[in-house]
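A quick write-up on the structure given underneath.
All residue numbers refer to positions in the sequence shown, counting from 1. Counting starts at 1 for both ligands and their atoms, following the listed order. Quantities reported herein were computed from a predicted structural model and do not represent experimental measurements.
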Amino acid sequence: MKCLFLALMAVGLSACNQQNDNTAYLQSQIDSLRVNSYKPGFGEFMSSIQIHHDKLWFAGQNMNWELADFEMSEIRESLDDIKKYCTDRPEANSIDMIEQPLQNLDNAILHKDKEAFVKHYRVLTATCNSCHQKTAHGFNVITIPTAPPFTNQLFKMQNEK
Ligand code: HEC
């Protein structure tokens with residue numbers, strides 16, 4: 001009986017050890033995923049914002065308000081991603097300075113007001129540059145685009161004249 005008890009204890013202990021081994025193994029896998037998983041950098045999010053900032057201008061110029069609204073949400077998505085994924089970059093703390101200019105532009109788009117759109121697009125662009133200056137990236141100068149970024153996209157709605 002005593003023998004049986006000891007044998008059961010031994011089995012129990014070895015199961016315990018095995019579980020510890022598994023936990024350690026899983027933890028090492030999680031750690032390696034954390035280190036090795038791909039995470040876009042600040043500059044990649046900014047490059048995406050650059051494209052949508054550009055398209056936004058031509059959407060507004062063509063009074064394609066639905067597209068303008070879409071481009072605004074794409075810009076916001078990348079800004080949110082910076083906040084989420086670039087927590088190691090202190091520059092991310094300055095993101096909020098762009099919120100008011102974005103809201104003003106949202107308003108212009110909502111009211112389909114081209115004049116207000118142009119005015120607030122300029123303020124938005126100036127804010128891009130203010131943040132670049134503030135974060136020691138003043139050499140990245142953003143301007144009002146002069147030509148659409150792509151030749152394979154229409155900015156004017158087809159059913160409008
Ligand atoms: C938080 C302040 C901040 C705001 C607001 C901001 N940027 Fe940036 N931007 C940065 C920083 C910091 C970098 C450098 C990123 C890096 O390290 O690669 C950058 C880089 C860039 C780059 C260069 C990307 C590359 O790798 O070539 C472009 C283009 C850019 N921003 C466009 C914009 C546009 C357009 C806006 C406005 C709609 C904007 N940014 C608003 C901080 C900002």
Practice task
Pick, from C131, S47, P145, G43, the option with the minimum heavy-atom distance to atom 1 (C) of ligand 1.
Solution key: C131
Practice task
Say whether N104 and Q100, considering side chains only, have a donor N or O and an acceptor N or O under 3.5 Å apart.
Solution key: yes
Practice task
Can you establish whether the number of heavy atoms outside E66 located under 6.0 Å from its atom CD is more than 12?
Solution key: no
Handout entry: Atoms of ligand 1, numbered as shown, that sit under 4.0 Å from any heavy atom of F42
Key = 10 (C), 11 (C), 12 (C), 15 (C), 42 (C)
Completion exercise
The closest protein heavy-atom partner of atom 32 (C) of ligand 1 is I142 CD1, 3.5 Å
Exercise for the section: Provide the number and element of each atom of ligand 1 under 4.0 Å from a heavy atom of E91. Expected result: 1 (C), 12 (C)
Exercise for the section: Could you list which atoms of ligand 1 come closer than 4.0 Å to a heavy atom of I98? Expected result: 5 (C), 37 (C), 38 (C)
Handout entry: Nearest-contact summary for atom 6 (C) of ligand 1 - protein heavy atom, Å
Key = M46 CE, 3.4 Å
Exercise for the section: May I ask you to check whether over 12 heavy atoms, not counting those of Q153, lie within 6.0 Å of atom CD? Expected result: yes
Exercise for the section: Could you tell me whether the side chains of D31 and Q27 share a donor-acceptor contact shorter than 3.5 Å? Expected result: yes
Problem - Atom CZ of F139: over 12 foreign heavy atoms under 6.0 Å - result: yes
Practice task
Applying side chain to side chain contact (heavy atoms under 4.5 Å, CB included), run through V118 and R122 and close with a yes or a no.
Solution key: CA-CA 6 Å; V118 170; R122 285 187 199 286; 3.9 Å; yes
Practice task
Classify the contact between I95 and ligand 1 as side chain, backbone, both or neither, using a heavy-atom distance cut-off of under 4.0 Å.
Solution key: both
Practice task
Look at atom 36 (C) of ligand 1 and say which protein heavy atom is nearest, naming residue and atom and giving the distance to 0.1 Å.
Solution key: C128 SG, 2.7 Å
Exercise for the section: Report the part of K134 (side chain from C-beta onward, or backbone N, CA, C, O) that has a heavy atom under 4.0 Å from ligand 1; answer both or neither where that applies. Expected result: neither
Exercise for the section: Heavy-atom distances under 4.0 Å are what count here, so tell me which part of E44 touches ligand 1: side chain, backbone, both or neither. Expected result: neither
Practice task
Please check if atom NZ in K39 has more than 12 non-hydrogen atoms from other residues, nucleotides or ligands closer than 6.0 Å.
Solution key: yes
Handout entry: Heavy-atom donor-acceptor pair, Y121 side chain to H53 backbone, under 3.5 Å
Key = yes
Practice task
Taking K114 for its side chain and Q61 for its backbone only, find out whether a donor-acceptor pair lies under 3.5 Å.
Solution key: yes
Problem - Heavy atom of the protein closest to atom 23 (C) of ligand 1 (residue, atom name, distance) - result: N140 ND2, 3.5 Å
Fill in the blank from the handout: A student checking ligand 1 against R89 at a 4.0 Å heavy-atom cut-off should list atoms 16 (C), 17 (O)
Completion exercise
Checking heavy-atom distances from atom 30 (C) of ligand 1 to each of Q133, H52, H132, the winner is H132
